[in-house]
Amino acid sequence: MFSSKEVFKEEFIEKLESMQGKTVEEATNIDKYQALGHMIREYSNKNWMATNTCYFEKHEKQVYYFSMEFLLGKLMESNLMNLGVRGVCEEGLHELGIRLDDIEAQEPDAGLGNGGLGRLAACFLDSLASLHLPGHGCGIRYKYGLFEQKIVDGYQVELPEYWLKEGNIWEIRRSNLAVEVRFGGEVRMEEQNGRWYFLHEKYESVLAVPYDVPVIGYKNKTVNTLRLWSAESNIRDFDFQTLNKRDYHKILEYKRSVESISELLYPDDSNHEGKILRLKQQYFFVSAGLQSIIRSYRKLEDTLVDFHRKVAIHINDTHPALAIPELMRILMDEEGMDWDEAWKITVQTISYTNHTTLSEALERWPVDIFKPLLPRIYMIVDEINERFCRELWEKYPGDWERIHKMAILADGQVKMAHLAIAGSHSVNGVAEVHTEILKAREMKEFYELSPDKFNNKTNGITHRRWLLNTNPRLAGLITETIGDRWIQHPAELLHLRKAANDNSFQERTAQIKQQNKENLARMIKDKSGLLVDTQSIFDVQVKRLHAYKRQILNVLHIMDLYNRLRANPNLDTVPRTFIFGAKAAPGYHLAKSVIKLINTVAAKVNRDKTIQGKLKIVFLENYRVSLAEKIIPAADISEQISAASKEASGTGNMKFMMNGAITLGTLDGANVEIHREVGDNNIFIFGLTVEEALSCYAGGGYRAKDIYNRDLRIKTVLDQLVNGFFSDDGVQFNDIYYSLLTNNDEFFVLKDFSSYARAHQMVDDAYRNKKRWYEMSIINIAHSGKFSSDRTVSEYAEHIWNIHPVTIS
Ligand code: 26W
């Protein structure tokens, strides 16, 4: 691309002139951002075309990752890094009097996801391209991403996130590749020459227009595609006959209703609501994605009999599970296959990942909504169910209870997880303990029926974004110490183990952490005016707000610590800064109360001079990918404190570990494997194990009130929720109090409290010995290689998708 900074400067100046008609002096930061973005795009276009040609000519098997969410964040920095030109650009711009950081700051986050599941999809795309693997994303181009969070008087307020204001420099609209998606209407059956045909009539036609985003591999020539679909009205096909002549309003109304399909991302994380628009979104992108895959496949093959040998489709949770009946529909109704052949191909094409065991997250669509919206798809689901139940009947004759439990259609609902399991050849969980729970509980009967389908793929994160890009100083130190092979072979981070006890390496690791903490402290000062002590322990919990993630346990402990400091201002504790970031689903009242509680406690504690600055609490508003990138490198402690058995994996835990923070966590999700990697001495584990938690749920012997009555520290903080101790504004936290006591503390907050407080004491003790602390920190970094998504994606490629690296020439 830019062989030297001189060439870069020349091209950049030219680009500003041709695109914006401005000189460097006249151009705004947005102009510069757009110019640089277009330069990157133009440059990567050659490799993008070469990649597509190569896959086509070699007729390579390719995987398509279907996901309702891709939480990409910003792309400029990682694109420059992956292209290997960040240095040249930075220097060239510097000579023009421009800071690259200022340009990068112009980019809005692409917030097309809620949390873990969406960010995982984005990390996978990076790893696929970086590993030369032929794999693409397929999703929805939401006009509005996850809402912007403002904190007003301590409360969360949601604002629409119109991330496309200035356009999206990374996408290319491909109107010529638009396809039609059909909703509603009726299905008529017709017999011709002894064959039945299903004719879909009087449907509503929606145009799906793809926007392609290049996914650039790390220092290779691979550029894969993320294809995001946008819904548009098909005015040409509008049934003008049924309208009063030129009924302009009706046309506009129709246009609006069609466009609403890709209007917004549903902000609910782990909570299924049977909203018809969400079902429309699901069918919309799944149908469009499949049609476009089949269209390109058709350029090479006359029939689809070998489809599964060339195409793998992965469904990210059940949200895209309609890919199963939709592929059946295309194979039968459009390609003329019989049921058995179509089913064989479908099952061998599709694989499914489960991301949660929370029952409220399980998608079940009422037949009353499903059937009229997708009449032909419903017929196919009905038939899948019939045949599936028949198979069960043969295997378990007379066991009605089991069959009812496993049915795809039951109790007036379409059970999407059952459809996903029956219709795919692979079902996986996202961490070892999670997969075991699926097999032993949630999916027990399915596991008994087809044990070979089930497997584990422990999650991972792209270490290129989450270490190389976000923590350049630490990445530099690592490279200086063990060479740069770790960037493409993250398992080699293990070589750092040797340096864990080395004084000078420890000191330099400590200096980098200190600089990162100072950067974050500056940002906190700018955003909230609050001064935090950079010598204090930065203790961080950032993630979606959810009862099972137990931010409430963290706050109750802070309240207790504050009580102890007030009682004894000379209490010998290491100063702490507790940092939170979290969005609550707009309708999730308890979660919103917890945000208010954190801010209420913060207001009182932060201005109390008597505790001598030993305790500060910060709630950073609008937590998102780009904010995570600033917070994580500065953390000393990573709070991963979910109620055991509830967090499927967690991926934040991995990002913190990789940046040298020590985990304070329960043995839940991937924490179990982090613990195994680093060993007992390099992590702070507390609380119930999964087994204990599950037997507690089963046995029903837990009584939160007993703990409340027995433990004065706990009683005090719980009473403070409702006696106005922390509130200036008289707000009380009855709902939180109620969930813990009256509702018997579903997530064992009280039961784990003392063990959590003891773990905090151990953190304090450990932090006083800086040498030991940085040894722990380095050991965590050294063992984080396992949690690179390169490892995860390689496992999917080999064991599930059967795809292979392709070198682009
Ligand atoms: C239908 C509403 C809904 C929306 C999102 C239900 C469920 C979800 C997701 C499955 C929630 C999610 O993001 N799960 C997270 O997935 C991560 C990636 O595998 C895991 O690391 C987290 O533990 C899990 O909570």
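Along the sequence shown, residues carry numbers from 1. Counting starts at 1 for both ligands and their atoms, in listed order. Given the structure is predicted, the values throughout are model-derived calculations rather than measurements.
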### Message
Polar contacts were defined as any N/O atom of the residue lying under 3.5 Å from an N/O atom of the ligand; does this apply to H355 and ligand 1?
### Response
yes

### Query
What do you reckon, are the aromatic ring centroids of W801 and Y796 less than 6.0 Å apart?
yes

### Query
Counting only N and O atoms by type, is there a donor-acceptor contact under 3.5 Å from the side chain of S262 to the main-chain atoms of A231?
yes

### Message
Does the residue N271 have a heavy-atom contact with ligand 1, meaning some pair of atoms that are separated by less than 4.0 Å?
### Response
yes

### Query
Going by atom types only, do N469 and E629 share a side-chain donor-acceptor pair under 3.5 Å?
no

### Query
Looking only at heavy atoms, is any part of R278 under 4.0 Å from ligand 1, and if so is it the side chain, the backbone, or both, or is it neither?
side chain

### Task
Return a yes/no value for H272: is any of its N or O atoms, backbone included, closer than 3.5 angstrom to an N or O of ligand 1?
no

### Message
Does either side chain, that of E442 or that of T357, offer a donor lying less than 3.5 Å from an acceptor on the other one?
### Response
no

### Task
Can you label the angle between the Y756 ring and the H557 ring as parallel, tilted or perpendicular, going by 30° and 60°?
perpendicular

### Message
Give the atom numbers and elements of ligand 1 that come within less than 4.0 Å of a heavy atom of D269.
### Response
11 (C), 13 (O)

#### Entry: ligand 1 N/O within reach of N459 N/O, cut-off under 3.5 Å
yes

### Task
Say whether H136 and Q62, considering side chains only, have a donor N or O and an acceptor N or O under 3.5 Å apart.
yes

### Query
Is any NZ, NE, NH1 or NH2 atom of the basic residue among E445 and K405 found under 4.0 Å from an Asp or Glu carboxylate oxygen of the other?
yes

### Query
Among protein heavy atoms, which lies nearest atom 25 (O) of ligand 1, and at what distance?
E647 OE1, 3.0 Å

### Task
Go through ligand 1 atom by atom and flag the ones less than 4.0 Å from a non-hydrogen atom of D268.
4 (C)

#### Entry: Contact check: L117 vs ligand 1, nitrogen or oxygen atoms, below 3.5 angstrom
yes

### Query
Is it true that R544 lies under 4.0 Å from ligand 1, counting heavy atoms only?
no

### Task
Output yes when the distance from some N or O of ligand 1 to some N or O of G650 is under 3.5 Å, and no in every other case.
yes

### Message
Does this structure show an ion pair linking D268 with R278, if we count only N-O contacts that are shorter than 4.0 Å?
### Response
no

### Message
I'd like to check which ligand 1 atoms, numbered from 1 as shown, lie under 4.0 Å from a non-hydrogen atom of V430.
### Response
19 (O)

### Message
Regarding atom 8 (C) of ligand 1: of the candidates S649, G669, S270, G429, which has the closest heavy atom?
### Response
S270

### Query
Is any N or O atom of Y548, backbone or side chain, closer than 3.5 Å to an N or O atom of ligand 1?
yes

### Task
Sort out for me which residue in N459, V433, L120, T356 forms a side chain to side chain contact (heavy atoms under 4.5 Å, CB included) with S649.
N459

### Message
Taking 4.0 angstrom as the limit and counting only heavy atoms of A648, give me the atoms of ligand 1 inside it, by number and element.
### Response
23 (O)

### Query
Do E158 and K150 come close enough that some side-chain heavy atom pair is under 4.5 Å?
no

### Query
Do any nitrogen or oxygen atoms of K549 come within less than 3.5 Å of a nitrogen or oxygen of ligand 1?
no

